[in-house]
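First the structure, in the form of structure tokens, and then the observations on it.
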Amino acid sequence: MDERIDDDRPTVSAWPILTAKDHEAPSVFRPEALLREARRQKGLPTAPVPDVCVLDPDGDLVRHLKRIGAVRTHDGWACYHTELLTFSLEAAGEVGIVGCAVGASFAVLLAEQLFASGCRLLVSVTSAGQITDSAPTPYFVLIDRALRDEGTSYHYLPPALFANAPDAALLDRIGEAMSDLSGVVLHRGATWTTDAPYRETEVAIASAHRHGALAVEMEAAALYAFAVARNRPVVCLAHVTNTMAQSEGDFEKGEADGATATLAVIATTVRAWSHTSG
């Protein structure tokens, strides 16, 4: 019988998001099984994805790469929901990219499938709203921890306030390498991951600020929980581009809708990873 209180509402200990989660147990439904069936139905070859893959929640980077004719479709990507494009990145070779992967659950669904398909490093660069006034927008945050105000992370790790990046030493190397990037402003710190962008109330924003969040985004906590639980290298960056449309002229990303700076940030991240990944 569920534990209950007098007004017949479940207590916190009975809430589904926090109960019946055997975090060490394997899932009955596996990404490898879905990919197998998708390949069968679509007649796709078994072809590994590139070692490095990128999630582009806004889709601006994908649109830029398409405009300049720099991408091709990965013919072996067996996903029901997305297309995987590839492009050449300096010092990284061929890189895979999925556009419009918005939100925690979608981002982790793709992360599971990418790593099951041969990915060795996943980089997510998402636009974000400013919580702490660190600099004039736009700028980047190298996320080292994220407030878990979403649902997906609780299926991968026990309840906690933050999901931490899986490899702090890698973030150290990335941060050091980024200091040499011209025209890119980078901060390192926490973000607030939410499932409900249109419920960013004054109370919620103030709470995130008290916990040290520099920005608000929609994927990092879940991606980091997945990364820790599955021992996968994932790096999340927030491109802080707005103050939640509190004034006109918000959401400006810079040259080529931010693609120029974002590509430089991704290339630097990959170089820092590749120097120690073998």
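In what follows, every heavy atom counts, from backbone to side chain, and hydrogens, waters and symmetry copies are set aside.
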**OP:** Give the intermediate values and the outcome of side-chain contact (heavy atoms from CB on, under 4.5 Å) for residues V228 and N164.
**Re:** CA-CA 8 Å; V228 170; N164 295 310; 5.7 Å; no
What closest approach, in Å, do [X] and [Y] show between heavy atoms, and which atom pair accounts for it?
| X | Y | result |
| --- | --- | --- |
| M218 | D195 | CE-O, 4.2 Å |
| F162 | A190 | CE2-CB, 4.0 Å |
| L223 | A111 | CD2-CB, 4.0 Å |
| P158 | R148 | O-NH1, 2.8 Å |
| L122 | C119 | N-SG, 4.1 Å |
| L55 | A107 | CD1-O, 3.9 Å |

Original post:
Quick one: is the NZ or CZ of R232 closer than 6.0 Å to the six-membered ring centre of F226, and within 45° of its axis?
Top reply: no
Original post:
Checking side-chain contact (heavy atoms from CB on, under 4.5 Å) for the pair H81/C100: CA distance, chi angles, key distance, verdict?
Top reply: CA-CA 11 Å; H81 312 95; C100 300; over 6 Å; no
**OP:** For the pair V49 and T86, evaluate side-chain contact (heavy atoms from CB on, under 4.5 Å) and give the outcome as yes or no after the intermediate values.
**Re:** CA-CA 9 Å; V49 302; T86 65; over 6 Å; no
Does any N or O in the side chain of [X] come within less than 3.5 Å of the main-chain N or O of [Y], such that one atom is a donor and the other an acceptor?
| X | Y | answer |
| --- | --- | --- |
| K42 | W77 | no |
| S27 | F29 | yes |
| H23 | L157 | yes |
| Q130 | A135 | yes |

Original post:
Residues two or more places apart in sequence or in another chain: which of them pass side-chain contact (heavy atoms from CB on, under 4.5 Å) with T152?
Top reply: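 A104, S105, V108, E150, Y156, A222.
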Original post:
Mind checking what makes side-chain contact (heavy atoms from CB on, under 4.5 Å) contact with S179, not counting sequence neighbours?
Top reply: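 By the side-chain contact (heavy atoms from CB on, under 4.5 Å) rule, S179 matches no residue at all.
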Would you say the side chain of [Y] lies within less than 4.5 Å of the side chain of [X], judging by non-hydrogen atoms?
| X | Y | answer |
| --- | --- | --- |
| E83 | T73 | yes |
| L181 | L186 | no |
| V54 | I266 | yes |
| L85 | K66 | yes |
| I97 | L61 | yes |
| D167 | W273 | no |
| V265 | T262 | no |
| V125 | D56 | no |

Same cluster or not: [X] versus [Y], using hydrophobic residues (I, L, V, M, F, W, Y) connected whenever any side-chain heavy atoms lie under 4.5 Å apart?
| X | Y | result |
| --- | --- | --- |
| L35 | L110 | no |
| Y139 | I174 | no |
| V98 | L34 | no |
| V62 | V95 | yes |
| M178 | L214 | no |

**OP:** Check the surroundings of atom CD in E32: do more than 12 heavy atoms from other residues, nucleotides or ligands lie under 6.0 Å from it?
**Re:**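 Atom CD in E32 is packed in, count exceeds 12.
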Original post:
Should we count CD of E37 as having more than 12 external heavy atoms under 6.0 Å?
Top reply: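 Yes, because the 6.0 Å sphere around CD of E37 holds more than 12 heavy atoms from other groups.
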If you round to the nearest 0.5 Å, how far is [atom2] of [Y] from [atom1] of [X]?
| X | Y | atom1 | atom2 | value |
| --- | --- | --- | --- | --- |
| L121 | T269 | CG | OG1 | 8.0 Å |
| H64 | D257 | NE2 | CG | 9.5 Å |
| D149 | E200 | CG | CD | 9.5 Å |
| H74 | C79 | NE2 | SG | 12.5 Å |
| D75 | L84 | CG | CG | 10.0 Å |
| R30 | R36 | CZ | CZ | 12.0 Å |

Original post:
Quick one: which of D60, D58, N242 gives a side chain to side chain donor-acceptor pair (under 3.5 Å) with S127?
Top reply: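 Passing option: D58.
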Examine the side chains of [X] and [Y] and answer whether a donor and an acceptor come within less than 3.5 Å of each other.
| X | Y | value |
| --- | --- | --- |
| S207 | W192 | no |
| Y80 | Q41 | yes |
| T126 | E217 | no |

Original post:
After noting the C-alpha distance and the side-chain angles of F87 and L263, does the key distance pass the side-chain contact (heavy atoms from CB on, under 4.5 Å) rule?
Top reply: CA-CA 11 Å; F87 66 100; L263 285 170; 3.8 Å; yes
**OP:** Please identify each residue that fulfils side-chain hydrogen bond (donor to acceptor under 3.5 Å, both in side chains) with T132, with sequence neighbours left out.
**Re:**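 Residues passing side-chain hydrogen bond (donor to acceptor under 3.5 Å, both in side chains) with T132: none at all.
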**OP:** Tell me, with the steps shown, if D172 and R188 meet salt bridge (Lys or Arg N to Asp or Glu O under 4.0 Å).
**Re:** CA-CA 9 Å; D172 291 340; R188 176 172 169 175; 2.6 Å; yes
Original post:
Would you call the rings of F140 and H239 parallel, tilted or perpendicular if under 30° counts as parallel and over 60° as perpendicular?
Top reply: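 Judged by the thresholds at 30° and 60°, the geometry between F140 and H239 is parallel.
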